[in-house]
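Quick note: residue numbers are just sequence positions, from 1.
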Amino acid sequence: MKQQILLVLSVILPAAFAGGCGRANSRPPATFTTSGPCQVALAPGPRERDVDRAIGELQERARRDTHSRDALEQLGYQFVARARTANDPGDYKLADNVAQCLEQRHPGDPSALLLRGHALHQLHRFHEAEAIARTLVGRREFVLDYGLLGDALMEQGRLTEAAVAYQKMIDLKPFYQSYTRAAHLRWLTGDLDGAIDLIRKAIDAASPRNRDSVAWAYTRLALYELQRGRLSEAAQAIDTALSFQQAYPAALLTRGRVLLALDRAADAVGVLDEAARLNPLPEYQWALADTLRRRGLNREAESVERDLVNRGAESDPRTLALFLATRHIDAQQALTLSERELLVRQDVFTEDAHAWALEAAGRTDEARAAMGRALAANTGDGRLFLHAGVIAASAGRHVEARRWLARAEAFHMTLLPSELDTLRRYRSELRPTKGE
């Protein structure tokens with residue numbers, strides 16, 4: 001029964017929850033006479049990989065038949081799929097152009113709005129994505145419209161409203177997309193067992209032909225198992241993910257994290273190096289740099305960190321802010337980056353980044369207030385608890401600090417080596433004294 005998998009949690013519902021590809025030099029066929037977003041969306045690109053060839057074939061169909069709605073819609077989601085694999089925001093921009101092209105050719109088509117909403121969401125334009133989603137749910141009752149609405153609300157930290165949208169998804173259709181969102185919401189609100197149960201339902205519901213979706217779900221399962229401290233189960237899940245997508249950056253990053261938790265830093269170096277090469281985002285580079293330092297390869301680590309700092313503000317400002325604050329490199333830049341992020345999203349992890357940057361800047365009282373907001377959803381995360389403990393210690397609240405640090409220790413397998421060093425140092429310095 002649908003009621004057995006409800007998202008409605010007492011925690012969140014009180015009584016009443018990527019660059020544009022290089023272009024080929026060939027000219028478009030003579031039948032292609034459109035301009036603007038259609039010209040951008042349908043410009044030929046490389047055909048080196050299977051996904052590139054699929055995109056090229058859909059572009060050709062859309063150019064040949066300007067009345068074809070399905071080819072354009074499929075093209076947009078192919079760009080989204082490629083962007084998700086490569087974390088290339090340029091593909092999300094191309095998907096947005098496809099949506100605008102679809103709207104030009106078929107004014108008022110809801111599929112154009114939905115595609116544009118997904119593209120805007122991935123480009124972190126959450127308010128615009130929410131507006132589109134509300135237009136759609138006011139016009140029709142379609143499961144994916146509620147998914148977009150919940151996603152946009154969640155990124156803005158409005159978990160109660162997001163839960164209502166996701167609940168509607170479950171009610172309309174319990175399937176892969178509703179299960180994955182339900183799992184993430186359960187995890188965000190501290191229900192790890194519920195998250196694991198729902199991500200397994202997502203895996204069972206996924207089509208084996210959609211290898212990217214299956215790999216993503218197994219990667220999430222591995223992360224949940226890692227958080228629970230079940231390393232063999234996490235390793236098995238990530239092996240399965242990589243059997244569906246061999247060079248899947250997110251899965252390689254997670255495998256590296258599992259190897260670190262198993263105290264196999266030497267093995268983790270190669271895996272994390274490949275992940276960061278495929279996906280040079282701050283999250284990947286930070287994990288690699290920490291692992292290189294753990295192996296005594298400081299010069300190599302410094303090279304990775306320079307690239308992280310030089311490019312991170314554009315690719316992932318929130319993680320760069322966390323990195324700068326953690327390494328005490330540039331507290332003011334960390335604070336500026338986190339404040340800019342708060343203008344577009346107010347989720348748990350952006351509040352945490354802001355709190356951590358405030359602490360690095362010596363503004364402890366403000367950091368405590370921001371950390372309170374980060375902890376309000378009861379998310380079980382080692383990094384959140386570590387930051388809460390350090391900030392409480394800085395405020396002189398040692399009993400509270402020890403409590404948060406003990407919780408961070410319970411999730412120590414999810415922490416990076418530099419974060420583990422901070423945790424162990426503070427726990428040693430804050431041992432209870434006689435009479436406490």
Side-chain angles (χ1 to χ4, degrees), residues 9 11-12 159 183-199 219-238 250 253-265 268 272 283-284 286-287 290-291 294 318-319 322-323 325-326 347-353 355-356 359 367 370-393 397-431:
L9 306 175
V11 173
I12 55 175
L159 294 187
H184 185 61
L185 185 58
R186 287 290 180 96
W187 174 74
L188 270 178
T189 54
D191 183 4
L192 186 56
D193 289 340
I196 290 173
D197 178 61
L198 284 163
I199 204 66
T219 300
R220 293 301 303 175
L221 175 61
L223 287 168
Y224 297 152
E225 295 288 13
L226 175 63
Q227 187 175 35
R228 195 155 63 171
R230 294 172 31 153
L231 298 183
S232 61
E233 288 84 353
Q236 183 178 4
I238 214 60
L253 174 63
T254 304
R255 173 175 275 177
R257 300 293 293 267
V258 172
L259 289 169
L260 283 172
L262 290 166
D263 201 23
R264 292 170 54 187
L272 292 171
E283 179 184 6
Y284 292 70
W286 188 357
D290 262 25
T291 307
R294 182 55 53 95
R318 182 172 69 186
T319 300
L322 284 167
F323 174 81
T326 299
D347 65 311
V348 165
F349 301 106
T350 307
E351 292 285 5
D352 171 60
W356 197 228
E359 173 59 24
M371 201 68 232
R373 293 189 292 273
L375 296 165
N378 294 322
T379 307
D381 182 82
R383 178 177 284 170
L384 294 181
F385 298 148
L386 171 63
H387 292 171
V390 172
I391 291 169
R397 304 172 73 92
H398 292 174
V399 173
E400 178 186 335
R402 284 195 290 271
R403 176 168 58 85
W404 287 120
L405 294 172
R407 294 191 68 180
E409 182 67 40
F411 291 93
H412 71 275
M413 291 180 181
T414 65
L415 296 174
L416 292 173
S418 59
E419 294 173 319
L420 277 172
D421 291 343
T422 299
L423 173 62
R424 302 289 157 75
R425 184 175 74 253
Y426 270 86
R427 291 205 80 191
S428 176
E429 292 174 356
L430 291 174
R431 286 176 179 156

Less than 4.0 Å between a side-chain N and a carboxylate O, is that true for D193 and R228?
yes
Separation of I199 CD1 from T219 OG1 (nearest 0.5 Å):
9.5 Å
Run L415 and T422 through side chain to side chain contact (heavy atoms under 4.5 Å, CB included) and show every step you take.
CA-CA 10 Å; L415 296 174; T422 299; over 6 Å; no
First locate atom CG of L198, then atom CG of L221, and finally report the distance between them rounded to the nearest 0.5 Å.
12.0 Å
If you look at every heavy atom in L384 and A374, which pair is closest and at what distance?
CD1-O, 4.2 Å
If you look at every heavy atom in Y284 and L253, which pair is closest and at what distance?
CE2-CB, 3.7 Å
Return the minimal non-hydrogen interatomic distance between T291 and A265, and the atom names on each side.
CG2-O, 3.6 Å
Give the C-alpha distance, both sets of side-chain angles, the deciding distance and a yes or no for side chain to side chain donor-acceptor pair (under 3.5 Å) between S418 and D421.
CA-CA 5 Å; S418 59; D421 291 343; over 6 Å; no
Spacing of L192 atom CG and D381 atom CG [to the nearest 0.5 Å]:
11.0 Å
Expected output: side-chain R255 to main-chain I238 donor-acceptor under 3.5 Å
no
Other residues, nucleotides and ligands only: do more than 12 of their heavy atoms fall within 6.0 Å of CD on E233?
yes
A377 and V348: which non-hydrogen atoms are nearest, and at how many Å?
CB-CG2, 3.9 Å
Measure up the W286 and F323 rings against each other and bin them: parallel (under 30°), tilted (30 to 60°), perpendicular (over 60°).
perpendicular
Check for me whether R383 meets the cation-pi criterion with W356, that is, NZ or CZ under 6.0 Å from the six-membered ring centre and within 45 degrees of the ring axis.
no
Decide yes or no on side chain to side chain contact (heavy atoms under 4.5 Å, CB included) for T379 and L188, but give the supporting numbers first.
CA-CA 5 Å; T379 307; L188 270 178; 4.0 Å; yes
In Å, rounded to the nearest 0.5 Å, how long is the span from CG of L423 to CG of L386?
6.0 Å
Nearest 0.5 Å, what's the CH2-CE distance between W404 and M371?
7.5 Å
What verdict does the side chain to side chain contact (heavy atoms under 4.5 Å, CB included) test give for R257 and L223, after you've listed the backbone C-alpha separation in whole Å, the side-chain angles of each residue and the deciding distance to 0.1 Å?
CA-CA 9 Å; R257 300 293 293 267; L223 287 168; 5.8 Å; no
Is the closest side-chain heavy-atom distance between D290 and E419 below 4.5 Å?
no
Just do the side chain to side chain contact (heavy atoms under 4.5 Å, CB included) check on L272 and L260 with the steps written out, would you?
CA-CA 10 Å; L272 292 171; L260 283 172; 4.3 Å; yes
Just wondering, do E409 and R424 contact through their side chains at under 4.5 Å, heavy atoms?
yes
Closest contact, heavy atoms only, F349 versus W187:
CZ-CH2, 3.4 Å
Say you draw a straight line from CG of L430 to CD of E400; how long is it, rounded to the nearest 0.5 Å?
11.5 Å
Least distance between heavy atoms, M413 atom then L226 atom
O-CD1, 3.8 Å
